[in-house]
Amino acid sequence: MHQRHQQGFNLLWSHHSDDTTFRLSLNQQLHNTEYSLPVRTMSEAKNIIITGASGLVGPLLASRLLNSPEYRLVLTDLHPPILPPNVTHPSNATLLQGDITSPAFITTLLTAAQPLHAIFLFHGIMSAGSEEDYDLSLKVNVDSIRLITDQLRLTNPGCRVIYASSQAVFGQPLPQGKITDDVLPTPESTYGCHKLMTESYLTSLHRKGFLDVFIARFPTISVRPGRPTAAASSFLSGIIREPMRGVECVVPIEDRGFKSFLASPRTIAENLIRVLGLESGCLPVHRRVIQFPGVSVSVQEMMDALGKFGGEDKLGLVKEVRDEGLERILRSWPTDFDLSTAERLGLVVDEGPGAEGIVGEYVRSLGKV
């Protein structure tokens, strides 16, 4: 029987903002979807855990799942988890706040979600924050995942685990053109290194038959609502978000031709739903990574889209000031990917051209167009 533990602890170190702007914009995105979930009876309801549930992706995914009676969710974070507003089945959510690096809390968390169908692992210290505090990154980005899955393979063998990884696992030198599944990850940052370590560990758990693992390598998510995060790529949201608030954004790279691989929050949430429903055998047992779709866009294309959807006056709020440390991290990442595997598995990509789909969606969520 599903148990509700309202006393909570758990989880993570998600990257969120608790300001009003974040929550209002997030609420707009929670209901801006053209997809629907299949409907099942209550007797088939499935228990799912989402860590990092006060961040960006967690509430978006939870909103999708709580609009169907098929799912019962346990939402957890180090900060108070967000219960998405205006969902059809809010009583199907349990909120647990606590420290995901604590084995005792992990036990409480897993107990609250039995029998467990799947867990989405979204918590983590982001790229710039990981570079600043190596030990904290190791504790949160590596050790906490091992603690969770070590318990999980004993309590719920075969449970589906969907882990949020990053394109930061790659580094230079990179081949010309698009990155394929056969390119060797060589991270140049603490964050990328710890993500790759966790990818390898989770893949080994799948290969051994302990758990049913999918690893989702996210593009840079843009446009994130709220305040800047401790990510090297934070400006790729700030370049749109801050000027739309009348606030200056500093771009840490003086190269408008610099390209990044981006996806909107809505598209990330949709593709996570699709991965939840995949057959385990769609990938080899020793290769569990799916590069999530995105679009390759330049700083100039982001600025052009800002001018088109937000107004040319907003461009005066974009300042370019080189930060050598951030630029080194940013230039180590790929700028485009081959999406053959994602397309084969039925994942979707943001509409273009260029950055227009992503930027237009965000500005519309603000009610500005």
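All values derive from a computational prediction rather than experimental measurement. Numbers here simply count residues along the sequence, with the first being 1.
Within the 4.5 Å cutoff, no side-chain heavy atoms of S137 are placed close to those of D133. Contact of the F122 side chain with the L272 side chain is registered, since non-hydrogen atoms from C-beta on lie closer than 4.5 Å. A heavy-atom distance below 4.5 Å is found between the side chains of E199 and V289. In this structure, P252 and E324 have side chains that are not in contact, with every pair of non-hydrogen atoms separated by 4.5 Å or more.
Taking the six-membered ring for Trp and the full ring otherwise, the centers of F261 and F337 sit less than 6.0 Å from each other. In summary, the aromatic rings of Y134 and H194 are positioned with their centroids under 6.0 Å apart.
Of the possible donor and acceptor atoms, one in the side chain of N92 sits under 3.5 Å from a partner among the backbone N and O of Y71.
The closest side-chain donor-acceptor pair between H79 and S54, if any, does not fall under 3.5 angstrom. For the residue pair Q172/S332, the side-chain donor-acceptor check at 3.5 Å is not satisfied. There is a side-chain donor-acceptor pair under 3.5 Å between S264 and T267. Checking T203 against H286 by side-chain atom types alone, no donor-acceptor pair falls below 3.5 Å.
L116 approaches N47 most closely through the heavy-atom pair CD1-O, 3.5 Å.
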